[in-house]
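Please read the structure below before turning to the comments.
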Amino acid sequence: MVKRLISANSSEMLRMNGKELKQSIKASEGRVVLSENVVVHEPLDGITTSEMAAAFGADMILLNVFDVFNPLVLGLYDGEGTLATAKVHNDGKTVKRLQKLVGRPIGVNLEPVDPDAKMLEDRLTIPEGRMASEKTLQEAEKLGFNFVVLTGNPGTGVTNEQIAKNIVTAKKVFSGLVIAGKMHGAGVDEAVVSEKAVEQFLEAGADVILVPAVGTVPGFDEVELKKIVQLVHRSGALVMSTIGTSQEGSGHNFIENIAIKNKICGVDIQHVGDAAWGIQSPMENIFALSKAIRGERHAIVRMSRSINR
């Protein structure tokens, strides 16, 4: 047995393997907060965006625009708070150092880009180290990430079919938690979420199915989300709702409203994205999400619990 994530100490969190982390999230009964941070924009006063997110209540930290072949996190090392001063560290210690500083499980976005995807907009080309492949998933394992998220940034050409293929690969070469799905269209002319795609992801072995939060993409409502949550839970997997459409900057009233709607639908993790400031969600909105889904007591305890425990 494991301790529920919302009550776990840093030492307990970081000892968990993928299976244990999944059980710990499930035991938290819909009260887990995940914050996504862009790692290559300048943070405040020489610290990382991850440290700020953890300070305001995030239980899990997701790194965006992180290249597994060229590990770079602004603010992680002294004197490396800007792009002009930051360096790639290929000693294999980047993720371990960040885990030590924030005391939270750390994950990375890897994008299952489909070169044949029918695009709705101009394609954004990204480096190999940000694409999902057997090679990058193996590198994520070596770096020590606790989880991977197979999803797509705007315009990168990620398809549900390609996500399903990479889930299979991830389950073979990566020992942590595998989260998969789309927050938005990623520039592709296909449904962002569908029961068919979810079934493919489950069959491929995903631990957590990623779906847009209700109120973030047009036409995806509580009825559809509930159906997907029930389907996923019957299969023994979990669900993460995501705010990935810049609405993480829409103010605390919106965040609180959307948080309760998605909790009612039964999601296990609530994600808040990085687009509002271009690096991460405003701090007060991470706290607003945390407080809304678990109350002031648990929100404050998560913020206050020492990473040295």
Side-chain angles (χ1 to χ4, degrees), residues 25-26 28-36 62 109 117-118 120-121 149-155 158-161 163-164 167 179-204 206-276 281-282 285-286 288-295:
I25 293 166
K26 183 177 181 180
S28 298
E29 297 181 299
R31 293 176 286 181
V32 172
V33 175
L34 183 150
S35 173
E36 182 177 3
L62 173 62
N109 274 338
K118 182 181 178 183
L120 283 172
E121 58 182 295
V149 177
L150 302 173
T151 192
N153 276 297
V158 169
T159 61
N160 287 323
E161 181 180 357
I163 289 174
I167 294 169
I179 303 174
K182 295 177 77 171
M183 303 181 192
H184 45 67
V188 177
D189 187 10
E190 70 174 359
V192 176
V193 60
S194 68
E195 288 187 45
K196 180 182 177 182
V198 169
E199 287 170 350
Q200 287 180 311
F201 299 163
L202 292 170
E203 187 176 344
D207 299 301
V208 182
I209 301 299
L210 182 161
V211 294
V214 169
T216 62
V217 298
F220 186 64
D221 61 15
E222 291 99 322
V223 174
E224 289 181 274
L225 178 55
K226 272 190 176 182
K227 287 180 182 178
I228 287 172
V229 169
Q230 290 166 1
L231 169 64
V232 172
H233 285 172
R234 282 197 301 269
S235 299
L238 305 179
V239 179
M240 180 171 78
S241 62
T242 60
I243 307 173
T245 48
S246 294
Q247 290 167 284
E248 52 269 46
S250 293
H252 68 89
N253 288 331
F254 171 80
I255 295 293
E256 290 160 357
N257 182 271
I258 209 171
I260 296 305
K261 284 183 178 180
N262 288 280
K263 187 173 182 181
I264 289 170
C265 290
V267 303
D268 304 283
I269 307 169
Q270 295 215 27
H271 155 288
V272 60
D274 56 39
S281 174
N285 285 350
I286 298 176
L289 173 60
S290 174
K291 186 176 176 181
I293 65 174
R294 56 192 176 196

What residue pairs, at least two apart or across chains, pass side-chain hydrogen bond (donor to acceptor under 3.5 Å, both in side chains) with a residue in residues 206-217?
-> Lys171-Asp207
Could you tell me which residues satisfy salt bridge (charged side-chain N to carboxylate O under 4.0 Å, His left out) with Lys263, sequence neighbours excluded, listed by chain and number?
-> none
If you measure from CD1 on Ile179 to NE2 on His271, what distance do you get to the nearest 0.5 Å?
-> 9.5 Å
When rounded to the nearest 0.5 angstrom, what distance separates CG in Asn257 from CG in Asn262?
-> 9.5 Å
Name all residues meeting the salt bridge (charged side-chain N to carboxylate O under 4.0 Å, His left out) criterion together with Glu29; count only those two or more places apart in sequence or in a different chain, and write none if there are none.
-> Arg31
Set of residues satisfying side-chain contact (heavy atoms from CB on, under 4.5 Å) with respect to Ala259, sequence neighbours excluded = Gln270, Leu289, Ala292, Ile293
With Asp221, which residues qualify under side-chain contact (heavy atoms from CB on, under 4.5 Å), at least two apart?
-> Val223, Glu224
Could you tell me the separation between the CD1 atom of Ile264 and the NZ atom of Lys226, rounded to the nearest 0.5 Å?
-> 7.5 Å
If you look at every heavy atom in Val229 and Gly266, which pair is closest and at what distance?
-> CG1-O, 3.6 Å
When rounded to the nearest 0.5 Å, the distance separating CD1 of Ile243 from OG of Ser250 is 8.5 Å
Please determine which of Leu238, Ile269, Val32 meets the side-chain contact (heavy atoms from CB on, under 4.5 Å) test together with Lys26.
-> Leu238
Atom of Ile167, atom of Ala206 and distance for their closest heavy-atom approach | CG2-N, 3.4 Å
Heavy atoms of Val239 and Val208 approach each other most closely as C-CG1, 4.0 Å
Please determine, by modelled atom types, if Gln247 and Thr245 share a side-chain donor-acceptor pair under 3.5 angstrom.
-> yes
Quick one: pull up CD1 in Ile286 and NE2 in His252 and give me the separation to the nearest 0.5 Å.
-> 15.0 Å
How close do Ile228 and Phe220 get, heavy atom to heavy atom, and via which atoms?
-> CD1-CE1, 4.0 Å
If we only count heavy atoms from C-beta on, is the Val158 to Thr151 side-chain gap below 4.5 Å?
-> no
Could you tell me which non-hydrogen atom of Ala213 sits nearest to which non-hydrogen atom of Ile258, and how far apart they are?
-> CB-CD1, 4.0 Å
Partner residues of Ser290 under the side chain to side chain donor-acceptor pair (under 3.5 Å) criterion, sequence neighbours left out | Arg294
With sequence neighbours left out, write down each residue that passes side-chain contact (heavy atoms from CB on, under 4.5 Å) with Glu222, or none if nothing qualifies.
-> Val214, Lys261, Cys265
For residues 228-239, pull every pair meeting side-chain hydrogen bond (donor to acceptor under 3.5 Å, both in side chains), keeping only residues two or more places apart or in separate chains.
-> His233-Asp268
Please confirm whether the backbone N or O of Pro212 pairs with a side-chain atom of Ser241, one donor and one acceptor, at under 3.5 Å?
-> no
